[in-house]
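I have placed the structure first, in the form of structure tokens, so that the comments after it can refer back to it.
Order of appearance sets the numbers: ligands from 1, and atoms from 1 within every ligand. This one's a predicted model, so the numbers in the text were calculated from it and none came from an experiment.
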Amino acid sequence: MKNVLIIGSTGQIGSELTMKLRDLYPASGIVAGYISGAEPKGDLLESGPAEIVDITDAPRIAEVVRKYNIDTIYNLAALLSAVAETRPQLAWKIGVGGLYNVLEVARENNCAVFTPSSIGSFGDATPHIQTPQDTIQRPKTIYGVTKVTGELLSDYYAHRFGVDTRSVRFPGLISYTTPPGGGTTDYAVDIYYSAIKGEKFHCPIKSGTFMDMMYMPDALRAAVEIMEADPSRLVHRNSFNIASMSFDPEIIYAKIKEYVPGFEMEYTPDPLRQAIADSWPDSLDDTCAREEWDWKPQYDLDAMTRDMLANLKKKLNPEKKFVEVK
Ligand code: AKB
């Protein structure tokens, strides 16, 4: 990777991945693509080039790719699972139409492409415990349908045209920098904000609902390491299961209470998010990623919780207005 375009650079993953890539590679080659209304700000704007790139506009993607001699595209444009159910046509337009545009530009300009898939690519018929790499993928959400289509289309471009497509199936991602929006796993981010603000948390997901989750630094490392992996070792491409922790709301609540003893939670179920969560795996088997490109997570629930609380305290609570964290 020398010159990289990040499409969706101001989103939850993009805002942190762009900065990580600028730390790892000369910043001048890392282009932050954004859409009007989601302009980059602060460090993201000041630390390197930024260009308007709407994933539904193929000529514009091609123009920016040629201008910066881009060799790798991170395609992070998507509507997350719950919001996609409210706008399924737009979810398809961005998730599949947008990916097709990216793959065609990549084919014509010899770029590698990373397009994340998700635990949302699985469905009710998938084995839910230690979900294997290669298994049944029959999701009922439009988000899942776009993710499975994306995996297949990306593999097709690799086999048919030799485009270097690679990706991972992200679990729910937890970070303190840019909030996610419209996901099923977002409760596991929101709960930390409530804890630090001293507010009671209203959990939309029922006790006993396990989902895979990951701390953002591990997810960013996965996104970089898969693109740097030795291609001769890759049996799979789109997409690898990756995992680091699996918990239900009671487990993360109990963990946060170890550090914020007065924290309270009650259940306020959201039927849409609950139905989606019930259809997703409880835990993924990531053996193939470990064997084919040495994937290994660094954060467990305790390490993530300590880091989240410390950083959110700095971000939201600099004058100790809300709660004390042990
Ligand atoms: C969502 O909840 O929609 C995402 C995901 C797991 O893909 N965080």
query = Under 3.5 Å, is there a donor-acceptor pair between the side chain of Glu39 and the main chain of Gly37?
reply = yes
query = Considering only the protein, which heavy-atom contact is closest to atom 8 (N) of ligand 1, and what is its distance?
reply = Thr185 OG1, 2.9 Å
ask   = Can you tell me how far the CD1 atom of Ile35 sits from the CD1 atom of Ile55, to the nearest 0.5 Å?
value = 10.5 Å
Donor-acceptor pairs under 3.5 angstrom involving side-chain atoms of residues 208-222: please list them, not counting sequence neighbours.
residue	atom	partner	partner atom	Å
Thr209	OG1	Lys206	O	2.8
Thr209	OG1	Gln274	NE2	3.1
Asp212	OD2	Leu284	N	2.5
Tyr215	OH	Asp307	OD2	2.8
Asp218	OD1	Arg221	NH2	2.9
Asp218	OD1	Gln298	N	2.9
Asp218	OD2	Gln298	N	3.0
Asp218	OD2	Tyr299	N	2.9
Arg221	NH1	Glu225	OE1	3.4
Arg221	NH1	Glu225	OE2	3.0
Arg221	NH2	Lys296	O	2.7

message = Under 3.5 Å between any N/O of Ser118 and any N/O of ligand 1: does that happen in this structure?
response = yes
Presence of salt bridge, Arg237 and Asp164, under 4.0 angstrom = yes
request  = For Trp280, counting its heavy atoms only, list the atoms of ligand 1 lying under 4.0 Å from any of them.
outcome  = 1 (C), 2 (O), 3 (O), 6 (C)
request  = Find all atoms of ligand 1 within a distance of less than 4.0 Å from any non-hydrogen atom belonging to Ser81, and give their numbers and elements.
outcome  = 1 (C), 2 (O), 3 (O)
ask   = What part of Leu173, side chain from CB on, backbone N/CA/C/O, both or neither, has a heavy atom under 4.0 Å from ligand 1?
value = neither
query = Numbering the atoms of ligand 1 from 1, which are under 4.0 Å from a heavy atom of Thr184?
reply = 1 (C), 2 (O), 3 (O)
task = Please list, chain by chain and in numerical order, all residues satisfying side chain to side chain donor-acceptor pair (under 3.5 Å) with Thr126, sequence neighbours excluded.
result = none
